[in-house]
Amino acid sequence: MNPDDSPHILSEQTRDAVGAAEADADAEDDDGDGEFRAFWADVVADEIEARDPEEPIVIKGGVSPSGVAHLGNFNEIMRGYFVAAVLRERGHEVRQVFTSDDKDPLRKLPRKLANADGEIVGLGEVDAGALGRNLGKPYTAIPDPFGERESYAAHFAALLQADADRLGVPVEMISNTELYADGDFDGVTRAALSDLAGVREVLSAYQDKVDGEYVPFNPVCAECGKVTETVTAVDLDAETVEYACTDMAVGDEVIEGCGHEGTATFREGKLPWRLEWPGQWDVLGVDFEPFGKDHAEGSWPSGVDVARNVLGVEPPVPMVYEWFTLNGEPLSSSAGNVVTVPELLDLLEPAVLRYFFALHPKKARDLDIERLDQLVDRFDRFERAYFGEVDDEDLTAFAERAYPFVIGRAADPPTEKPVRLPYTFAAVLGMVDDPAFRERLARDEGHIPDDASAEVIEAALARVEKARNWAERTENEYDYRLQTVLPDAEFDDDVAAALDDLADFVAAGHDGDAIQAEMYETARAHDVDVGDFFAAGYRLFFDDTQGPRLGEFLGELEREYVVSRLRREA
RNA sequence: GGGCCGGUAGCUCAGUUAGGGAGAGCGUCCGGCUUUUAACCGGACGGUCGGGGGUUCGAAUCCCUCCCGGCCCGCCA
């Protein structure tokens, strides 16, 4: 492979500066290097433009259906999204596609599945037999274990489509099975099978199994429906192959063939991955494709080779992205360490999630659910930087370029900064349910400007539900709620007497500051430790050992409720 | 063993394209908000930029080397 074919286009120090300069004739640079790019998607877009591609420019992603459409899979869509958005902003017509590689055979049972709502369930909760009986068959030939869609593949594709919709990404889902069925792959298949010696020579450099007998086509057995790998003859004129349905090794397991011998057309089977991937580039005219680092040293080099030397096409601009970890551990659906887009959207706004994908792809990133507040804080700072409120040149340069894409408004960037409640404060507001009360508390803390419109306020308060879900899910220190019924608690006599006195004080009508001060006075008067007294208050109102500054908080509540609660009456 | 990509403060990260001040947020500590608790405001502490060598007037940034981590180097995708 030519060094220029390295997929690490965001890592290299000396890129093809000449090409970039030609593509960007108005770039002003003194030393001849390319224009500085604060946003990686612009670097990629430069590479694409330098090739002078035909329009529409095609951006692809794709995965093989597996158990769960998790956050990592979504790189395939979101990394392309930013490049597509940048190219559109530069005036290009762009088509973003996503191939569901659903003619691949199911090779082993997934441990976990995601239902239509993106919730992760175990195999015990679905018709697992529908999967187990169909090992070896294409995903599109396997019933949906949830019994909702026409196939397992359709179920999985619908999940990703729904996630893309949730994040506002216009992506066109393409079924690989349909590409074969419609004949789109006929030409590629013919090219692969018409020069077997050439294909074997190319592939044997990457795969030990490729020998003088190897035929790069996997027919689907007409008898048992499984994807097979033993082709005994090729008839190019008829566009068919002869095959025998033999056993297939999958790791340590063996998926048994049925022994059937038959004939399959080019549309009744599939190409192996190393040919299929470049085949997709050819068929779909792909100009750019991001892929995970696992492909970087494996199928990418062979794909480049196949594209040029078997199919006679140029491979797309590549981009390797690093993998995410979740809570410090690798994403693994079998180990249960996965998170889906819908799950995350219960915890944060779509813009924050898009921001996460806008960060530099070559860095391995951990998504720490416990520390989700840090991610949101970083987004908020990123947003403030866009509006010129942060004294950080680098961040500001990145934000000025990337922010409009992150919030999905490249065409009409906002001119006013949205009102944002700090995430942990929003979590605190979750302790009460009344929106008006939430608004009053937020105003008291100065998080809502006096002249904010109803729409702005509603948008700001929308974060409260997210943050509250986060506090509940992680059971962290922000997870407390105002108790509507009297918690089960017992107090010493002197604490009880102090609570009664405080109740009288509140009943007499005082504001929050006064109540706060009185709490100290009352505690002293009854010879009660101040900490114990506050703890009693937190127990009564939150059934917890800690909470917000109590006196001022009680001043905001309905007086009658506070008085009766302090008297342990209701 | 070979190749690729990473390694910056306790945590999460920016800065590496374009060599010149080592940074942000969070956490911690101290202080303020009329006397502990969330929030808010101010301040401090905190890093041999993985180690070493080299180039340079000057290196987190370029080169070499070593260490650590992930991925690939069977099959599959």
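A, B, ... follow the sequence lines: proteins, then strands. Residue 1 opens every chain.
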For A:E349 and A:K466, run salt bridge (Lys or Arg N to Asp or Glu O under 4.0 Å): C-alpha distance rounded to whole Å, both residues' side-chain angles, the deciding distance at 0.1 Å, then the answer. CA-CA 8 Å; A:E349 295 100 331; A:K466 312 273 187 190; over 6 Å; no
Yes or no on salt bridge (Lys or Arg N to Asp or Glu O under 4.0 Å) for A:D211 and A:R200, after CA distance, side-chain angles and deciding distance? CA-CA 7 Å; A:D211 56 20; A:R200 287 168 187 152; 5.9 Å; no
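Taking atom CZ of A:R481 as the reference point, atom P of B:A38 lies 21 Å away to the nearest angstrom. Atom CG in A:L375 sits roughly 15 Å away from atom P in B:C26 (whole-Å rounding). Rounded to whole Å, the distance from CZ on A:R438 to C1' on B:A39 is 16 Å. The distance between atom NZ of A:K209 and atom P of B:A77, rounded to the nearest whole Å, is 8 Å. Distance, A:E329 CD to B:G70 C1': 13 Å, rounded to whole Å. Summarising the geometry, the separation between CD1 on A:I255 and C1' on B:C75 is reported as 12 Å, rounded to the nearest angstrom. Here B:G25 presents its C1' atom at 14 Å from CG of A:D391, a figure rounded to the nearest Å.
Across all strands shown, B:C73 is found opposite B:G1 as a Watson-Crick or G-U wobble partner, with both distances under 3.5 Å. Pair check for B:C13 finds B:G23; Watson-Crick or G-U wobble, both atom distances under 3.5 Å.
Set against B:A24, B:A77, B:C5, the side chain of A:K270 has B:A77 as its closest nucleotide. Distance from the side chain of A:K363 is smallest to B:U16 among B:U12, B:C5, B:U16. Here B:C26 is the nucleotide among B:C26, B:C73, B:A18 with the atom lying nearest to any side-chain atom of A:D377. Listed candidates were B:U17, B:C76, B:U36. Nearest to the side chain of A:V530 is B:U36. Picking from B:U37, B:A77, B:C76 the nucleotide with the shortest atom distance to the side chain of A:Q516 gives B:U37. Among the nucleotides B:C72, B:C75, B:G25, the one closest to any side-chain atom of A:D294 is B:C72. Which of B:C5, B:C76, B:A77 sits closest to the side chain of A:H295 comes down to B:A77. Taking the side chain of A:R37 as heavy atoms from C-beta on, and the options B:U17, B:G25, B:C4, the nearest nucleotide is B:U17. In this structure, of B:C75, B:G3, B:A24, it is B:G3 that holds the atom nearest to the side chain of A:E297.
The aromatic rings of A:H447 and A:F425 lie tilted to each other, with the angle between the two planes from 30° to 60°. The aromatic rings of A:W277 and A:W300 stand perpendicular to each other, their planes meeting at an angle above 60°, with 30° marking the opposite boundary.
A:D102 contributes no side-chain N or O that, together with a main-chain N or O of A:A153, makes up a donor-acceptor pair within less than 3.5 Å. Between the side chain of A:K363 and the backbone N or O of A:E322 there is no donor-acceptor pair closer than 3.5 Å. Distance alone, capped at 3.5 Å, is enough to place a donor-acceptor pair between the A:S6 side chain and the A:H8 backbone. No donor-acceptor distance shorter than 3.5 angstrom exists from the side chain of A:N218 to the backbone of A:L271, with no hydrogens or angles considered.
A:D392 comes within 4.0 angstrom of no nucleic acid atom, judged by non-hydrogen atoms across all strands. Using a 4.0 Å heavy-atom cutoff across all strands shown, A:D373 reaches no nucleic acid atom at all. Within the 4.0 angstrom heavy-atom criterion, only backbone atoms of the sugar-phosphate kind lie near A:W323; the bases stay farther away. At the heavy-atom level, A:G298 lies under 4.0 Å from the strands shown only through sugar-phosphate atoms. Contact annotation for A:R384: no contact, since no heavy-atom pair falls under 4.0 Å across all strands. Within the 4.0 angstrom heavy-atom criterion, base atoms lie near A:K293. Within 4.0 Å (heavy atoms only), A:R365 reaches sugar-phosphate atoms of the nucleic acid but no base atom. Among the heavy atoms of the strands, none lies under 4.0 Å from A:E518.
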Using a cut-off of under 3.5 Å, enumerate the N/O to N/O pairs linking the protein to nucleotides 27-34 of chain B.
from, atom 1, to, atom 2, distance (Å)
B:C33, N3, A:R549, NH2, 3.2

Could you go over nucleotides 40-43 of chain B and give all protein N or O partners under 3.5 Å, atom names and distances?
none

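For CZ of A:R440, the number of neighbouring non-hydrogen atoms (other residues, nucleotides, ligands) closer than 6.0 Å is greater than 12.
Listed by chain and number, the residues in a ring pair (Phe, Tyr, Trp, His ring centres under 6.0 Å) with A:F505 are A:H510 (sequence neighbours excluded). Legend: residues meeting side chain to side chain contact (heavy atoms under 4.5 Å, CB included) with A:E389, ordered by chain and number and at least two apart, are A:R384, A:F387, A:K417. Scored by the ring pair (Phe, Tyr, Trp, His ring centres under 6.0 Å) test, A:Y478 finds A:W470 as partners (sequence neighbours excluded).
A:F324 has its ring centre less than 6.0 Å from the ring centre of A:F356. For an aromatic pair to be called close, the ring centres must be under 6.0 Å apart, and A:F542 with A:F553 satisfies this.
Only at 4.0 angstrom or more do the heavy atoms of residues 71-79 of chain A sit from any atom of RNA chain B, so none qualifies.
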